Amino acid sequence: DIIITDYQLGEETTGLDVIDMVRSFYDWARVPVIIFSAESLPALTSKEKLLILISKGSEASTLLHSAHELVVMGRAANALPSEEDSTPST
């Protein structure tokens, strides 16, 4: 699983809102994210391992390579035991 979103989605909505919503719903999973944006947001990428910022205008191969890399990293991260396991029991 991966989230790919633009940063600016509307006047009052950003990709961060989408990320927060998805991650709160899937709070037991580490969901990797690509923010595909014309804006420079360096502070975001320094906070998280599973987040990459790609500038609009980048080659499609950059997006595809980054997506593949993040999916692999996300799967590895989700395979590790969580300090706070909130996986829903069935």
Side-chain angles (χ1 to χ4, degrees):
D1 297 331
I2 189 168
I3 299 169
I4 300 176
T5 183
D6 194 350
Y7 178 74
Q8 193 62 45
L9 299 175
E11 288 183 26
E12 297 181 18
T13 306
T14 69
L16 299 179
D17 298 321
V18 172
I19 294 163
D20 288 343
M21 182 181 64
V22 170
R23 286 185 170 169
S24 68
F25 187 76
Y26 296 104
D27 63 344
W28 48 270
R30 295 172 184 101
V31 181
V33 176
I34 292 176
I35 296 179
F36 194 61
S37 183
E39 299 184 42
S40 177
L41 308 164
L44 291 178
T45 57
S46 64
K47 291 181 185 178
E48 292 197 43
K49 291 181 184 178
L50 295 176
L51 186 144
I52 295 177
L53 176 65
I54 297 179
S55 298
K56 287 185 177 177
S58 296
E59 295 289 324
S61 60
T62 301
L63 178 61
L64 291 172
H65 175 76
S66 297
H68 173 74
E69 188 176 286
L70 276 177
V71 167
V72 169
M73 290 171 57
R75 287 180 180 162
N78 284 307
L80 297 173
S82 174
E83 292 175 12
E84 184 179 307
D85 189 6
S86 59
T87 304
S89 57
T90 55

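Quantities reported herein were computed from a predicted structural model and do not represent experimental measurements.
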task = For the residue pair Thr5 and Thr14, establish whether any side-chain heavy-atom pair is separated by less than 4.5 Å.
result = no
So, for [X] and [Y], which heavy atoms are closest and what is the spacing to 0.1 Å?
X	Y	result
Gln8	Glu11	NE2-O, 4.1 Å
Asp6	Phe36	OD1-O, 3.0 Å
Val33	Leu70	O-CD1, 3.3 Å
Leu50	Arg30	CD1-CB, 3.8 Å
Tyr7	Ser37	CB-OG, 3.4 Å

task = State the OG1-CD1 distance between Thr62 and Ile34, to the nearest 0.5 angstrom.
result = 10.0 Å
Are [X] and [Y] linked, directly or through other ILVMFWY residues, by side chains that come within less than 4.5 angstrom of each other?
X	Y	value
Ile3	Phe25	yes
Ile2	Val72	no
Met21	Val31	no

Where at least one partner belongs to residues 63-74, residue pairs that pass side-chain hydrogen bond (donor to acceptor under 3.5 Å, both in side chains), sequence neighbours excluded = His65-Glu69
remark   = Only residue of Ile52, Ile54, Leu16 satisfying side chain to side chain contact (heavy atoms under 4.5 Å, CB included) with Ile35 is Leu16
note = Residue set satisfying side-chain contact (heavy atoms from CB on, under 4.5 Å) with Thr13, at least two apart, ordered chain then number -> Leu9, Asp17
